[in-house]
Amino acid sequence: MQNRMMSETVQTFIYCFTVICGLIAVANVFNTLTNSLILRRREFAVLKSIGMDESAFRRMIAYECASYALRGFAVGLALAAVAAAFLTRAMAYSFTTFTLEPPIAETAAAAGIVLAVIAVSAAYALRRSHAASVVEALRDDAI
């Protein structure tokens with residue numbers, strides 16, 4: 001009974017820590033991607049001025065955001081697997097019946113959240129970067 005209560009307490013703290021880290025990561029990804037797109041407004045204006053149409057521009061941004069998401073998710077998944085292996089080994093020393101079950105549902109949820117955050121931040125940044133015309137964007141940076 002005491003081992004079960006201890007296990008539930010540890011799991012509660014791990015889930016709370018995971019949620020807090022996840023919220024921090026979401027805020028960082030949103031800020032980084034949004035600022036990256038907004039600060040490159042002049043480069044985007046140059047691309048549009050030499051003939052890049054709106055669909056090609058959106059496709060370019062979508063590919064860039066997808067590469068961010070895939071690289072970040074791959075690195076995060078690898079680090080999570082290593083951390084899970086160490087935690088499983090540590091918990092196995094304390095609890096003889098502890099086994100590792102792969103968190104398929106949680107991994108799928110994380111992938112969905114990563115894609116949603118990337119899509120929302122890219123859409124927000126694109127909306128902000130389209131607020132000014134090409135001429136205004138080039139003129140603002142020239143000053």
Practice task
Indicate the atoms forming the closest heavy-atom contact of M52 with F57, along with that distance.
Solution key: SD-CA, 3.7 Å
Exercise for the section: Could you list all the salt bridge (Lys or Arg N to Asp or Glu O under 4.0 Å) pairs where at least one residue sits in residues 70-84, not counting sequence neighbours? Expected result: none
Please report, to 0.1 Å, the donor-acceptor pairs under 3.5 Å made by any side chain of residues 105-123, with sequence neighbours excluded.
unit_1, atom_1, unit_2, atom_2, d
T107, OG1, P103, O, 2.7
S121, OG, V117, O, 2.8
S121, OG, I118, O, 3.1

Problem - More than 12 heavy atoms of other groups within 6.0 Å of M6 CE - result: no
Practice task
Report yes or no: do L77 and V26 belong to one cluster of Ile/Leu/Val/Met/Phe/Trp/Tyr joined by side chain heavy-atom distances under 4.5 Å?
Solution key: yes
Handout entry: Expected output: side-chain T32 to main-chain N28 donor-acceptor under 3.5 Å
Key = yes
Fill in the blank from the handout: So CG of L39 and CZ of F44: to nearest 0.5 Å the spacing works out to 10.0 Å
Fill in the blank from the handout: S55 meets the side-chain hydrogen bond (donor to acceptor under 3.5 Å, both in side chains) criterion, sequence neighbours left out, with D53
Handout entry: Polar side-chain atom of S67 near backbone of E64 as donor-acceptor pair, under 3.5 Å
Key = yes
Handout entry: Under 3.5 Å: donor-acceptor pair, side chain of S49, backbone of V46
Key = yes
Exercise for the section: Determine yes or no for a side-chain-to-main-chain donor-acceptor pair under 3.5 angstrom, with R89 supplying the side chain and A85 the backbone. Expected result: no
Problem - T9 side chain vs M5 backbone, donor-acceptor pair below 3.5 Å - result: yes
